[in-house]
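Just so it is clear, the values below take in all heavy atoms, side chains as well, and ignore hydrogens, waters and symmetry mates.
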Amino acid sequence: MFEIDFTVFENDESENFVGEYGYFSFTIDNEKYGIMIEEEIDDFSVSVYDWFTSFLKSLEILKKEDYVLINDIESFNTWIEMYRNDEIISISKVSGDKVEQGGWVRTEKLSDANYKFWKDKKVLFSDFRAEILEKSEKYLTDIIGLNSLQNSKVFELSDLVTKLKLL
């Protein structure tokens, strides 16, 4: 089982892009990563946009390659590591030094990976893909309602979702 949950803060004070921040979490097997609470507390908010973009980019990479890392930019040294073996994705929460440059999504393995959290939680690639695309479309609908379709972030996310639905 792989499930994404998110909440968008509609009272976001960003003038250029409303709905970027909120809560984002995902569950695989019985392991949960991220936070979901009822109150909107800015100190616990994350960039929902960056998480969806990162998962979409990782999905795109995993269509062609067998390894990808998502950098949790909100944390000091936490990564979400994904391996693909045919139709199975193994997901791990990994501790390792942040690497300069390279963005939130990377294909290079960490030289100092420490699996002190959880490791090799399995999900079917088809289920992983379906959940990412379904929840990304829901998020896209939410942010379209809060922003102009001409907003560059809305356009970029829409373009990425559309492209990945065709793969």
Side-chain angles (χ1 to χ4, degrees), residues 1-8 19-38 44-143 156-167:
M1 178 196 78
F2 177 76
E3 185 176 358
I4 294 174
D5 196 11
F6 69 96
T7 300
V8 172
E20 177 174 6
Y21 290 95
Y23 299 135
F24 183 95
S25 71
F26 67 91
T27 304
I28 182 162
D29 285 342
N30 291 317
E31 299 292 347
K32 186 172 185 156
Y33 188 79
I35 186 169
M36 296 295 296
I37 54 179
E38 287 186 30
F44 296 121
S45 72
V46 297
S47 176
V48 176
Y49 178 86
D50 288 341
W51 273 107
F52 274 113
T53 300
S54 294
F55 267 106
L56 287 164
K57 287 179 180 177
S58 71
L59 179 61
E60 183 176 31
I61 290 168
L62 289 169
K63 288 289 280 183
K64 302 174 206 145
E65 300 181 35
D66 64 355
Y67 181 83
V68 69
L69 281 169
I70 295 177
N71 179 351
D72 181 352
I73 194 157
E74 309 287 340
S75 77
F76 174 66
N77 62 351
T78 303
W79 301 81
I80 303 303
E81 178 185 68
M82 293 173 259
Y83 281 98
R84 181 174 181 186
N85 185 0
D86 293 323
E87 269 302 301
I88 304 293
I89 304 287
S90 296
I91 302 177
S92 303
K93 179 180 173 185
V94 181
S95 177
D97 289 337
K98 294 293 181 175
V99 181
E100 295 298 321
Q101 303 173 3
W104 294 306
V105 180
R106 318 175 60 87
T107 55
E108 307 85 27
K109 294 182 180 177
L110 294 175
S111 61
D112 64 338
N114 182 347
Y115 298 91
K116 65 182 182 181
F117 303 109
W118 39 267
K119 183 177 181 184
D120 292 334
K121 300 296 180 177
K122 309 275 193 252
V123 62
L124 287 173
F125 180 77
S126 55
D127 293 345
F128 179 77
R129 179 183 183 277
E131 179 68 4
I132 291 171
L133 290 174
E134 178 186 325
K135 295 296 172 64
S136 294
E137 287 181 310
K138 182 177 180 330
Y139 175 62
L140 186 58
T141 300
D142 290 352
I143 61 174
E156 288 169 16
L157 188 68
S158 176
D159 192 47
L160 189 54
V161 169
T162 300
K163 180 171 76 170
L164 289 171
K165 284 173 63 177
L166 299 173
L167 288 179

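For the residue pair S58 and V68, the shortest heavy atom distance occurs at CB-CG1, 3.7 Å. The two residues V123 and M1 make their nearest non-hydrogen contact at CG2-C, 4.5 Å. Of all heavy-atom pairs between S136 and F52, the closest is OG-CD2, 3.2 Å.
Every residue was checked against the side chain to side chain contact (heavy atoms under 4.5 Å, CB included) condition with L166, not counting sequence neighbours, and none meets it. Partners of F26 under the ring-ring contact (aromatic ring centres under 6.0 Å, His included) rule, at least two apart in sequence or in another chain, are F2, Y33, F55. Residues satisfying the side chain to side chain contact (heavy atoms under 4.5 Å, CB included) criterion with D112, sequence neighbours excluded, are D97, L110. With sequence neighbours left out, E60 forms a salt bridge (Lys or Arg N to Asp or Glu O under 4.0 Å) with K163. Not counting sequence neighbours, the partners of K135 by the side chain to side chain donor-acceptor pair (under 3.5 Å) test are E131.
One finds the CD1 atom of I70 at 5.5 Å from the OG atom of S54 (value rounded to the nearest 0.5 Å). To the nearest 0.5 Å, atom CH2 of residue W104 and atom OG1 of residue T53 are 8.0 Å apart. In this structure, CG in L160 is found 9.5 Å from CD in E156, a value given to the nearest 0.5 Å. Here the CD1 atom belonging to I132 is positioned 5.0 Å from the CG atom belonging to L59, to the nearest 0.5 angstrom. Atom OG1 in T7 sits 9.5 Å away from atom CG in D142 (nearest 0.5 Å). If you take NZ on K93 and CH2 on W79, they are separated by 15.0 Å, rounding to the nearest 0.5 Å.
Ring orientation note: the planes of Y139 and F6 are nearly perpendicular, at an angle over 60° on the 30°/60° scale.
A donor-acceptor distance shorter than 3.5 angstrom exists from the side chain of R129 to the backbone of K165, with no hydrogens or angles considered.
For the pair V46/D72, no side-chain contact is recorded, criterion being any heavy-atom separation below 4.5 Å from C-beta on. Between L133 and L164 the shortest side-chain heavy-atom distance falls below 4.5 Å. Between I88 and F128 the shortest side-chain heavy-atom distance does not fall below 4.5 Å.
In summary, the side chains of N77 and S95 do present a donor paired with an acceptor at a separation below 3.5 Å, with no hydrogens or angles considered.
Counting only residues at least two apart or in different chains, side chain to side chain donor-acceptor pair (under 3.5 Å) contacts with residues 115-125 comprise E81-Y115, S90-K122.
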Test side chain to side chain contact (heavy atoms under 4.5 Å, CB included) applied to F24 and I4, step by step: CA-CA 8 Å; F24 183 95; I4 294 174; 3.6 Å; yes
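More than 12 heavy atoms of other residues, nucleotides or ligands lie within 6.0 Å of CG in D159, so this atom counts as buried by the packing criterion.
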